[in-house]
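Each chain gets a letter, A, B and so on, in the order the sequences are listed, and its residues count up from 1. Nothing here was measured: the structure is a model prediction, and the numbers come from that model.
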Amino acid sequence: MSKEESLNFLEHIIEQDLDSGYNNNDLRFRFPPEPNGYLHIGHASAICLNFGLGEKYNAPVNLRFDDTNPTKEEQEFVDAIKRDIEWLGYVWAEELYASDYFQQLYDWAVEFIREGKAYVDSQTSREIADQKGTPNEPGKESPFRNRPVEESLELFEKMKNGEVGEGEHVLRAKIDMASGNMLMRDPVMYRVLHKHHHRTGTDWKIFPMYDWTHGESDYIEQVSHSFCTLEFLPHRELYDWFLDQVYSEGKMRPKQREFARRNLSHTVVSKRKLARLVEEGVVSGWDDPRMPTISGLRRRGYTPESIRNFADSIGVGKRENLIDVSHLEYNIREDLNKKAKRVMAVLNPVKVLITNYPEGQEELLEAENNPEDEQAGNRTIPFSGELYIEREDFKEEANRKFFRLTLGKEVRLKNAYIIKGEKVVKDNEGNILEIHCTYDPDSRSGSGTEASMRKVKGTLHWVSVKHALPIEVRLYDRLFTDPAPDGHKEKDFMEFINPDSLNTITAFGEPSLDDLEVEDKVQFQRLGYFTVDRDSTDARKVFNRTVPLRDSWAKLADL
RNA sequence: UGGCCCAUGGUGUAACUGGCAACACGUCUGAUUUUGGUUCAGAAGAGUCUAGGUUCGAGCCCUAGUGGGCCAACCA
């Protein structure tokens, strides 16, 4: 890798380790989700971080499910997580489960008891919590702290065999009830849970806690760098303590390092809050295109590349952050600009009659599929004397800044002819029913005539009425009106729901849209990028708006 | 109240062992354009939370303060 590029602080750590004796072959990372929900954009950046490091250093990255709490975990989530990571385009070295290590962890724990490093506590969780003290005052030692080793051993065995009920006993590490770090005050290592585990079934009645599991799992897998979010920083001392007890010379000693979770504006990401959106029907499900879940983003039309580029471009740090969605939107536009086929669709139609176009005539006009990609080729679009254009593209009279159709002025119909507004037909209420225009027969795009080369300010997209394909279009906008909906202490995040986050309309598209398949992505010219939703039927296609095009006119038009 | 972490343009990051603040997004000009898109050229915008200190020299080091975050689940 070039020394020119700047490294983020995690890469600096790795580089330092490499300089101080680590072998490149020693490097190994992991992404350790708990299978208790769907992955979201926050996970995506952690995935890109770990797997990105794996690609950069040519090191293996394991996918390890942190499945130590059977009350919350399900196989369904394991499958969904794997699917999402694969979709992002990453390949894990090994698929592993913390539950694979239950026996090893148990054996170590028994060893701990024998060595007086752990004991069975028979108090209630309440009592234990009360004795914990506060960050200011030291905790009190449990009356069971010095119970005989044999007794702890026996009770632990009973816990394991399911002979004791949930909550009756726990195994605690004997560390320091006066530690300034609350996590070091004799943390619970095991609790009894008579629950079905998605992988171990009913084999185990005791389940190891996160702290006891995570570092040891890293150690078993010989992970070199265990990157996690900042809230785990206080856990590091315990992570290291547990590691010290089992570490043997010559092995890789995993290193936990923490980075700031990256927050995206105008959304929420906590599982509880996302669940509320689903339960209260604000969205249609976990993969609603407005959801920040990976499945939601996928359905919205985001590409894996755009998400990866986004994650790379925002970097990592250790400070609180709120990344504006515009960064994400930039990345999807940039990707789709190169890839998406251009097509025409009219969302808010008004009829245009070309009065001097021969009655009943139709023709097929040639159109470029993507000006950014020569390989994309051309297609044909049917043209006739009766068209739809966007209602916003016409004004009876307008100032010089309005580069669109007005009476007496010419505009180009994309890939077709130059037309001139002649008159407007209205109903009794003054609503525009149709606009009469004349066209310049010599001005056909690509015909090479002098008239076809004429420069007119303004080009409109259109669809021939007779050939128009009715489609359903779902116009999505950000789900929340506030950049940090859950950042207000006094207010519930639900108060910031954007009432206009979804606008479903019927629109008209050019006939070629009928050939598209689910998840195909196109640019509706002058409007935005759209993708075919799985709700599409043979009778009617459904398009989700991924993101509108940048629109420098919108700002002026508002004035 | 104790401990720990953090603090650089509107946003996110960068600045290798101290050498006069960079990149991306966003914003604004202009050019090009059969997408008010794209592309291209350019501009504005921070003197690095504050106050001291060390140093020839500090965003980088030290001290204190201020502000924000984290920590007292048999969750991860």
Side-chain angles (χ1 to χ4, degrees), chain A residues 3 5-8 12 15 32-34 36 66-69 71-73 121 124-125 128-130 132-137 139 166-172 179-183 185 187-193 206-207 209-211 213-214 228 230-237 258 260 262 265 313-324 326-331 333-334 337-338 342 344 367-368 371-372 401-404 411-416 418 443 445-446 452-461 483 523-528 548-557:
Chain A
K3 285 287 181 186
E5 72 183 306
S6 64
L7 306 174
N8 64 48
H12 277 297
E15 294 289 337
E34 179 186 16
N36 70 341
D66 240 327
D67 56 347
T68 58
N69 185 357
T71 64
K72 306 202 308 195
E73 296 150 8
D121 195 332
T124 63
S125 61
I128 292 175
D130 288 345
K132 213 145 216 180
T134 69
N136 302 317
E137 316 148 32
E166 293 185 9
E168 286 182 34
H169 309 289
V170 289
L171 183 73
R172 290 228 257 166
S179 171
N181 183 346
M182 300 294 289
L183 288 157
R185 327 250 257 225
V188 172
M189 292 172 71
Y190 278 95
R191 79 287 214 185
V192 173
L193 252 23
I206 53 171
F207 290 87
M209 300 289 289
Y210 166 83
D211 287 301
T213 310
H214 204 89
C228 60
L230 233 29
E231 65 266 29
F232 288 96
L233 204 159
H235 293 251
R236 186 149 113 197
E237 192 180 355
E258 312 79 11
R262 292 171 281 184
S265 75
S313 68
I314 59 180
V316 256
K318 291 181 78 168
R319 53 177 185 173
E320 287 282 300
N321 59 71
L322 185 63
I323 298 150
D324 199 279
S326 62
H327 280 95
L328 220 208
E329 292 173 344
Y330 166 79
N331 280 284
R333 288 195 185 104
E334 186 194 37
N337 178 47
K338 290 174 297 193
R342 309 298 129 117
M344 292 196 287
E368 208 179 3
E372 305 296 315
K401 289 252 187 92
F402 189 78
F403 307 155
R404 305 181 183 191
V411 291
R412 160 75 64 182
L413 290 175
K414 180 78 183 172
N415 300 126
I418 292 171
S443 64
S445 295
S452 73
M453 314 285 225
R454 278 168 51 207
K455 301 283 177 203
V456 288
K457 198 73 179 165
T459 302
L460 308 185
H461 60 278
Q523 182 196 88
F524 286 175
Q525 285 184 112
R526 302 211 300 135
L527 298 174
L549 250 34
R550 285 185 62 204
D551 186 2
S552 46
W553 161 247
K555 291 164 202 154
L556 297 173

What contact category does [X] fall into here, base, sugar-phosphate, or nothing, at under 4.0 angstrom with non-hydrogen atoms?
X: A:Thr71; result: nothing
X: A:Glu329; result: nothing
X: A:Val456; result: nothing
X: A:Ile314; result: sugar-phosphate
X: A:Tyr190; result: nothing
X: A:Thr134; result: base
X: A:Lys72; result: base
X: A:Phe402; result: base
X: A:Ser552; result: sugar-phosphate
X: A:Glu372; result: base
X: A:Gly446; result: base

What is the distance, to the nearest angstrom, from the [atom1] atom on [X] to the [atom2] atom on [N]?
X: A:Glu231; N: B:rA72; atom1: CD; atom2: P; result: 11 Å
X: A:Met209; N: B:rA73; atom1: CE; atom2: P; result: 10 Å
X: A:His327; N: B:rG12; atom1: NE2; atom2: P; result: 8 Å
X: A:Tyr330; N: B:rU38; atom1: OH; atom2: C1'; result: 11 Å
X: A:Glu320; N: B:rC6; atom1: CD; atom2: P; result: 13 Å
X: A:Phe403; N: B:rU35; atom1: CZ; atom2: C1'; result: 14 Å
X: A:Leu322; N: B:rA7; atom1: CG; atom2: C1'; result: 16 Å
X: A:Lys414; N: B:rG36; atom1: NZ; atom2: C1'; result: 13 Å

Rounding to the closest angstrom, what is the interatomic distance between [N] and [M] at atom [atom1]?
N: B:rC5; M: B:rC40; atom1: P; answer: 44 Å
N: B:rA44; M: B:rC49; atom1: C1'; answer: 24 Å
N: B:rC60; M: B:rA15; atom1: C1'; answer: 9 Å
N: B:rU27; M: B:rG47; atom1: P; answer: 22 Å
N: B:rG65; M: B:rC6; atom1: C1'; answer: 16 Å
N: B:rA7; M: B:rC75; atom1: C1'; answer: 31 Å
N: B:rU29; M: B:rU63; atom1: P; answer: 49 Å
N: B:rC62; M: B:rG18; atom1: P; answer: 12 Å

Is [X] reaching over with its side chain to a backbone N or O of [Y], donor-acceptor style, under 3.5 angstrom?
X: A:Arg526; Y: A:Met344; result: no
X: A:Arg185; Y: A:Lys132; result: yes
X: A:Asn181; Y: A:Pro234; result: yes
X: A:Arg191; Y: A:Phe207; result: yes
X: A:Glu73; Y: A:Asn69; result: yes

According to the Watson-Crick and G-U wobble definitions, with both distances under 3.5 Å, which nucleotide is paired to [N]?
N: B:rU39; value: B:rA31
N: B:rC23; value: B:rG12
N: B:rC74; value: none
N: B:rA64; value: B:rU50
N: B:rA44; value: none

Compare the minimum distances between each of [options] and the side chain of [X], then state the nucleotide with the smallest one.
X: A:Lys455; options: B:rU34, B:rU35, B:rG26; result: B:rU34
X: A:Val170; options: B:rG36, B:rC74, B:rC70; result: B:rC74
X: A:Asn321; options: B:rC71, B:rA76, B:rG12; result: B:rG12
X: A:Thr459; options: B:rA15, B:rU35, B:rU33; result: B:rU35
X: A:Asn69; options: B:rA76, B:rC74, B:rU34; result: B:rA76
X: A:Arg191; options: B:rA76, B:rC71, B:rA15; result: B:rA76
X: A:Arg550; options: B:rC4, B:rU38, B:rU35; result: B:rU38

Any donor-acceptor N/O pair under 3.5 Å between [N] base and [X] side chain:
X: A:Arg404; N: B:rG36; answer: yes
X: A:His235; N: B:rA76; answer: yes
X: A:Arg412; N: B:rU34; answer: yes

**Item:** Residue mapping more 5' on RNA chain B - nearest nucleotide basis, A:Asn8 or A:Pro371
**Value:** A:Asn8
**Prompt:** Given that A:Ile323 and A:Asp551 both sit by RNA chain B, which one's nearest nucleotide is further toward the 5' end?
**Reply:**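 The residue whose closest nucleotide sits nearer the 5' end is A:Ile323.
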**Request:** Not counting sequence neighbours, which residues clear side-chain hydrogen bond (donor to acceptor under 3.5 Å, both in side chains) with A:Tyr210? List them please.
**Result:** none
**Complete:** When every non-hydrogen atom of A:His461 is compared with those of A:Leu527, the smallest separation belongs to NE2-CD1, 3.9 Å
**Asked** Are the side chains of A:Arg342 and A:Glu368 in touch, meaning some heavy atoms are under 4.5 Å apart?
**Response** no
**Request:** Could you tell me whether the side-chain ring of A:Trp553 sits stacked on the base of B:rG36, using a centroid cut-off under 5.5 Å and a plane angle under 30°?
**Result:** yes
**Prompt:** Since syn is defined as within 90° of 0, does B:rG47 count as syn or as anti?
**Reply:** syn
